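Here's the structure we're looking at; comments come further down.
Quick caveat: nothing in here was measured; it's all calculated off a predicted structure.
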2 protein chains.
Amino acid sequence: MDTRTDTHQPADAKPDPMRIERLCIERGLKMTGQRRLIARVLSEAVDHPDVEELYRRALALDSRVSIATVYRTVRLLEEKGILERHDFGGGRARYEATDHGHHYHLIDIETGKVIEFSDAQHEALAEAIAARLGFRLVGHRLELFGRRAAPEAATPPRRAPKRRSGEGA
Amino acid sequence: MDTRTDTHQPADAKPDPMRIERLCIERGLKMTGQRRLIARVLSEAVDHPDVEELYRRALALDSRVSIATVYRTVRLLEEKGILERHDFGGGRARYEATDHGHHYHLIDIETGKVIEFSDAQHEALAEAIAARLGFRLVGHRLELFGRRAAPEAATPPRRAPKRRSGEGA
DNA sequence: CTAACTGCAAACGTTTTGCCGGTGA
DNA sequence: TCACCGGCAAAACGTTTGCAGTTAG
């Protein structure tokens with residue numbers, strides 16, 4: 001397929017607000033009110049929210065959720081392969097639905113914003129490297145940390161995150 | 001330089017047991033007994049120890065260190081650019097000296113062992129992708145998760161780590 | 001009916017920090 | 001000298017869990 005870098009962020013604004021719920025049912029999960037709520041918040045997210053953010057969004061729709069349930073749900077969905085957990089530095093796990101195929105992340109270190117992209121060339125390279133080292137590739141992650149290139153007025157400086165976790169050198 | 005994947009693990013068994021200490025002095029850090037001790041442990045490490053492991057190794061040489069000091073030192077050294085923090089999953093940060101140039105990691109998901117490698121082709125690709133997306137690349141990380149390829153008797157199964165952090169999909 | 005679920009608060013494991021008496025430069 | 005440092009114990013942080021009551025299927 002494509003050999004070029006291909007961005008796809010808020011482009012496809014998650015069209016289906018029930019996708020996650022459907023997946024839950026498929027895997028035989030009991031659909032309670034809070035589960036449905038959290039599923040909806042997740043389905044609608046176009047970013048990579050952490051648990052607190054999910055909790056905040058859920059609360060805004062219905063106050064009968066506890067953060068413990070968000071933690072439990074998010075973990076459960078990850079175990080079921082419905083969610084993917086990421087660590088972009090900053091000490092909290094961030095989640096995203098497992099769909100829109102393999103992609104990588106570019107983190108804007110000024111704003112913390114995450115841009116998704118895919119790149120077939122990289123995909124092939126990763127595979128080749130693993131093979132060269134005598135391994136069968138099971139998974140891989142590529143994260144780029146960058147600063148918006150030159151041209152315009154600089155974004156105001158950003159306070160350092162709460163500190164924790166590994167940044168790429 | 002090389003365009004091929006190049007492994008370099010315990011190969012170069014850190015020849016200089018004072019490298020870190022020298023760097024500390026260069027950056028104007030006060031060299032106390034415990035600082036020197038920790039620096040030495042770090043200089044001698046050929047792996048990616050976490051804080052507890054560093055503490056254990058330091059204690060074995062001299063019992064007058066506290067784990068708080070290890071935490072403080074490791075953080076300080078990271079801020080000074082002497083150490084690099086990694087999160088390979090498992091809930092604790094792991095450290096390695098910032099030297100032997102840019103390299104990436106392949107994590108053997110059976111054993112948890114980390115193999116380092118460098119790859120100029122990937123390096124160039126990362127740079128190109130960032131540019132293509134309108135960013136200046138500040139750092140990047142590539143982590144491969146793999147299973148030793150076919151041939152020999154399989155390594156015994158390994159219990160899952162303490163749970164936390166992001167695995168590559 | 002009952003296994004799966006929830007809220008709450010307490011527990012967890014890692015990491016940071018306040019206090020305050022030391023110590024290297 | 002004195003700004004920086006180390007030990008200790010307590011706090012903070014994100015996250016998990018035991019308990020007891022609730023609910024989906």
Pairwise ring pair (Phe, Tyr, Trp, His ring centres under 6.0 Å) hits with a residue in residues 55-85 of chain B, at least two apart = none
Hey, does the side chain of A:R35 come within less than 4.0 Å of C:dT6's phosphate (OP1/OP2), counting only N and O?
-> yes
OP1 or OP2 of D:dG7 under 4.0 Å from side-chain N/O of B:Q34 = yes
Taking atom CE of B:M31 as the centre, report whether more than 12 heavy atoms of other residues, nucleotides or ligands fall under 6.0 Å from it.
-> yes
Partner residues of A:Q34 under the side-chain contact (heavy atoms from CB on, under 4.5 Å) criterion, sequence neighbours left out = A:T32, A:V65, A:T69
Give a yes or no on whether the ring-centroid distance for A:H140 and B:H105 is below 6.0 angstrom.
-> no
To the nearest angstrom, the NZ-C1' distance between A:K80 and C:dC5 comes to 14 Å
Could you give the CZ-to-C1' distance, from A:R85 to D:dG14, as a whole number of Å?
-> 12 Å
In chain order, what residues pass the salt bridge (charged side-chain N to carboxylate O under 4.0 Å, His left out) check against A:E52, with sequence neighbours excluded?
-> A:R92
Going by number, which of residues 49-64 of chain B have a non-hydrogen atom under 4.0 Å from DNA chain C?
-> B:E52
Check whether the side chains of B:Q121 and A:H122 place a donor and an acceptor atom closer than 3.5 Å, and report yes or no.
-> no
Can you give me every donor-acceptor pair (side chain of residues 19-30 of chain B, partner residue at least two apart or in another chain, under 3.5 Å) with its distance?
residue, atom, partner, partner atom, Å
B:E21, OE2, B:R36, NH1, 3.0
B:R22, NH2, B:D16, OD2, 2.0
B:R27, NH1, B:K80, O, 2.6

Interatomic distance, A:I67 CD1 vs D:dC13 P [rounded to whole Å] | 13 Å
Rounded to the nearest Å, what distance is computed from the CG atom of residue B:D87 to the P atom of nucleotide D:dG14?
-> 16 Å
Separation of C:dT15 atom P from B:R94 atom CZ, nearest Å, is 12 Å
In whole angstrom, give the distance that lies between atom CZ of B:R75 and atom P of D:dC13.
-> 13 Å
Any idea how B:Y104 and B:F117 line up, ring-wise: parallel (<30°), tilted (30 to 60°), or perpendicular (>60°)?
-> tilted
Go along nucleotides 18-25 of chain D 5' to 3' and tag each nucleotide: B for a protein heavy atom under 4.0 Å from its base, S when only backbone or sugar atoms are that close, - otherwise.
-> B----BBS
Counting side-chain heavy atoms from C-beta on, which of C:dT6, D:dG7, D:dT17 comes nearest to A:T69?
-> C:dT6
Please test B:E53 against B:H48 for side-chain hydrogen bond (donor to acceptor under 3.5 Å, both in side chains), starting from the C-alpha separation and ending with a verdict.
-> CA-CA 9 Å; B:E53 179 60 25; B:H48 305 74; over 6 Å; no
Looking only at side-chain N and O atoms, does A:Y71 come under 4.0 Å of OP1 or OP2 in D:dT16?
-> no
